[in-house]
Amino acid sequence: MFDIKWIRDNAVAFDEGRKKRGLEPLSAHLLSLDDTRRAAIAQNQAVQERRNAASKEIGQAMAKKDMARADELKAEVAALKDKTAGFEAEEKAAIESLNKALGEIPNIALEDVPIGADEHGNIEKSVHGSKPAFTFAPKEHFDLGEALGMMDFDTAAKISGARFVVTKGPLARMERALGQFMLDLHTDVNGYTEVNPPLMVNSDAAYGTNQLPKFEDDLFQTSRSEGSVDRLWLIPTAEVPLTNLVRESILEETALPIRVTALTPCFRAEAGSAGRDTRGMIRQHQFTKVELVSITTPEHSAAEHVRMLNSAEEVLKRLGLHYRVMTLCTGDMGFGAQKTFDIEVWLPGQNKFREISSCSVCGEFQARRMNARYRPTGEKQTRFVHTLNGSGLAVGRALVAVLENYQNEDGSITVPEVLRPYMGGMIKLENK
RNA sequence: GGAAGGGUGGCCGAGUGGUUUAAGGCAACGGUCUUGAAAACCGUCGUGGGUGCAAGCCCACCGUGAGUUCGAAUCUCACCCCUUCCGCCA
């Protein structure tokens, strides 16, 4: 969410920022909406001012028993009242159309973000490890999982439909192990506080982290009863409840940074992804993810972004997986991001790098939507916090990566060493 | 699902139609005092918006939305949320 006052004062910079994202200039349109809004407010306030003054006079006249004067004023206020109704409606409509427009405007990239139209403009920031060598043709994760008898898409389709999976036995345990391992790493080593948040959130929370109003189609929604207005949304990521932990609050600067992490299921309608990744566990309606969220001051958000990336990378390092870090270009970033690092893990079965984490700094974009502020030490005025979120990591995709990278020629899977303590010392997944 | 009680500034809390221009307290900030601090005392102190070079002036806000009234934190209606108890339930 942008501040219209900021846009008024920085119209050129605003339009240039949009241009870098491949978007049309919008400041002129927004400022004209704002002019309409301000004119409506001014005219409404003038009427109300007179009404308030007259009402006060009526009280005074009645105290003096001057009923003639009181009646005269009552008539005047009654006449004003007809006017206010129209003016109020006008003011409300003007404010709504400005807010609606502002709510659908994506964030602007930081200066050091590469400019580009789509994912081809992303820049490789670093690479870790190297492609594992196989003496045989490595298989894709779904072939491995199904052959082991531990991954069942057909049954999931009967129960729920496409884009769901049933995992069983040691494979189900490995998914759980991955989540536990990541969570322990972030809490014990990386300094995050574990949180177990609600998986269903209200519309205000979903608006705060940009899922609404623009991306409603990507969410699953629930309602308590037929025709009920108080619907809740299934979280598409724990970013939503974790970031909203600070909504509508004023924090002391000494309380920052706040670093929280959660292991949760995530639910995505995947409305725009028809035909993409239809086989396997890469793109599901439901998947598990460990999320990292930081709340910081504006001064510290850039450094926190790198720290968060390092925390996510550490998971892959300990799992012994080959990956690269991409700095997303302006055209490939998400709605709320000022800057984003994607981590892509190597999948030998697919012979490709695939996204397994995305770490974004949002500046005050979400904080404005949530009204999340802090009071700088010694200052009277509050400021908006900066928010950051990142996956650390997507557990479903991590499972895919382990299967494909740790596969053996006989179809068995070697369990990465760091996971063994979480799996009762198991060394291999195999079809017995 | 049933019953009762609640929702007022950063926090606590008074306030049942017109000096409420939202009391009072806490916290915070400035000052006096002090070698320094604490205490005490004095002062400042809600949020958002409009207008103005500025000082200021003005509008809105007491859970949300409607309504009654010349005038609503206060009265009416609907809804949301929270607490406690009962019922059901993992």
Side-chain angles (χ1 to χ4, degrees), chain A residues 1-9 30-99 102-103 196 198-208 222-233 241 244-256 295 364 367-385:
Chain A
M1 174 74 101
F2 279 95
D3 179 8
I4 186 64
K5 279 195 278 189
W6 183 87
I7 295 176
R8 208 188 297 151
D9 296 339
L30 292 169
L31 291 179
S32 93
L33 281 179
D34 189 44
D35 288 342
T36 307
R37 178 185 67 96
R38 287 194 287 167
I41 287 173
Q43 117 187 307
N44 192 24
Q45 286 188 357
V47 175
Q48 279 172 329
E49 183 176 350
R50 178 56 203 150
R51 192 194 64 173
N52 289 346
S55 291
K56 206 168 271 179
E57 268 188 68
I58 291 171
Q60 290 164 357
M62 285 172 77
K64 287 186 218 154
K65 310 273 190 212
D66 184 354
M67 288 312 177
R69 178 64 182 149
D71 288 340
E72 196 180 305
L73 288 161
K74 280 187 191 182
E76 187 193 345
V77 175
L80 283 176
K81 211 177 172 188
D82 294 337
K83 268 198 204 171
T84 38
F87 286 163
E88 265 172 30
E90 227 172 280
E91 177 182 335
K92 209 171 162 185
I95 289 170
E96 256 171 39
S97 59
L98 179 65
N99 281 344
L102 288 173
N196 193 354
L199 305 181
M200 297 193 285
V201 296
N202 62 30
S203 295
D204 288 338
Y207 179 86
T222 68
S223 60
R224 286 178 218 192
S225 58
E226 195 77 26
S228 166
V229 285
D230 55 322
R231 58 188 171 176
L232 295 174
W233 308 87
N244 276 284
L245 286 174
V246 297
R247 72 172 294 115
E248 289 161 44
S249 57
I250 299 176
L251 304 159
E252 292 303 323
E253 183 171 5
T254 50
L256 302 176
I295 311 294
E364 62 180 40
R368 277 186 180 284
R369 294 169 88 98
M370 298 188 299
N371 197 19
R373 295 165 292 170
Y374 76 102
R375 202 184 301 283
T377 306
E379 273 181 47
K380 211 174 158 188
Q381 202 59 24
T382 58
R383 295 160 77 188
F384 288 108
V385 297

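Below, chains carry the letters A, B, ... as their sequence lines are ordered, and counting in each starts from 1. Note that the coordinates shown come from a computational prediction; the quantities given were computed from them, not determined experimentally.
- Rounded to whole Å, atom C1' of B/C58 lies 12 Å from atom CD1 of A/I41.
- Of the P atoms belonging to B/C85 and B/U64, the separation is 28 Å, rounded to the nearest Å.
- Atom CZ in A/R375 sits about 8 Å away from atom C1' in B/A28, given to the nearest Å.
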Step-by-step side-chain contact (heavy atoms from CB on, under 4.5 Å) determination, A/R37 to A/I4: CA-CA 11 Å; A/R37 178 185 67 96; A/I4 186 64; 4.3 Å; yes
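- Residues A/K92 and A/I250 each lie close to RNA chain B; by heavy-atom proximity, the contact nearer the 5' end of the strand is made by A/I250.
- Rounded to a whole angstrom, the distance from the C1' atom of B/A22 to that of B/A73 is 8 Å.
- With C1' as the reference atom, B/G31 and B/G65 are 47 Å apart, rounded to whole Å.
- Using a 4.5 Å heavy-atom cutoff, the side chains of A/Q43 and A/E90 are in contact.
- Between the P atom of B/G48 and the CD atom of A/E248 lies a distance of 14 Å, rounded to the nearest Å.
- Which of B/G50, B/C70, B/C58 sits closest to the side chain of A/E49 comes down to B/C58.
- Nucleotides B/G17 and B/C53 have their C1' atoms positioned 43 Å apart, rounded to a whole Å.
- Phosphate proximity of B/U51 to A/R38: present, with a side-chain N or O under 4.0 Å from OP1 or OP2.
- Taking atom NZ on A/K74 and atom P on B/G71, their separation rounds to 10 Å, with Å as the unit.
- The separation between A/L251 atom CG and B/C11 atom P is 12 Å, rounded to whole Å.
- The distance between atom CG of A/N371 and atom P of B/C61, rounded to the nearest whole Å, is 18 Å.
- Taking the P atoms as reference points, B/C58 lies 41 Å from B/G5, given to the whole Å.
- Using C1' as the reference atom, B/A4 and B/A90 are 27 Å apart when rounded to the nearest Å.
- The separation between A/E252 atom CD and B/G10 atom P is 13 Å, rounded to whole Å.
- For the pair A/R247 (side chain) and A/P241 (backbone), a donor-acceptor distance under 3.5 Å is absent.
- In this structure, the nucleotide among B/G49, B/G48, B/C59 sitting nearest to the side chain of A/R37 is B/G49.
- As rounded to whole Å, 16 Å separates atom C1' of B/C59 from atom CD of A/E90.
- The gap from the P atom of B/G15 to that of B/A38 amounts to 35 Å, rounded to the nearest Å.
- Taking atom P in both B/G7 and B/A60, the straight-line distance is 24 Å, to the nearest Å.
- Here A/D9 does not pair with A/K5 in a salt bridge; the nearest charged N to carboxylate O distance is not below 4.0 Å.
- The nearest heavy atom of RNA chain B to A/A54 and to A/D34 marks one nucleotide each, and the one closer to the 5' end goes with A/D34.
- Residues A/T222 and A/M200 are in side-chain contact: their nearest non-hydrogen atoms beyond the backbone lie under 4.5 Å apart.
- Between A/L251 and A/R375, the closest side-chain pair of non-hydrogen atoms is not below 4.5 Å.
- Base pairing of B/C26 is made with B/G10, judged by Watson-Crick or G-U wobble geometry with both donor-acceptor distances under 3.5 Å.
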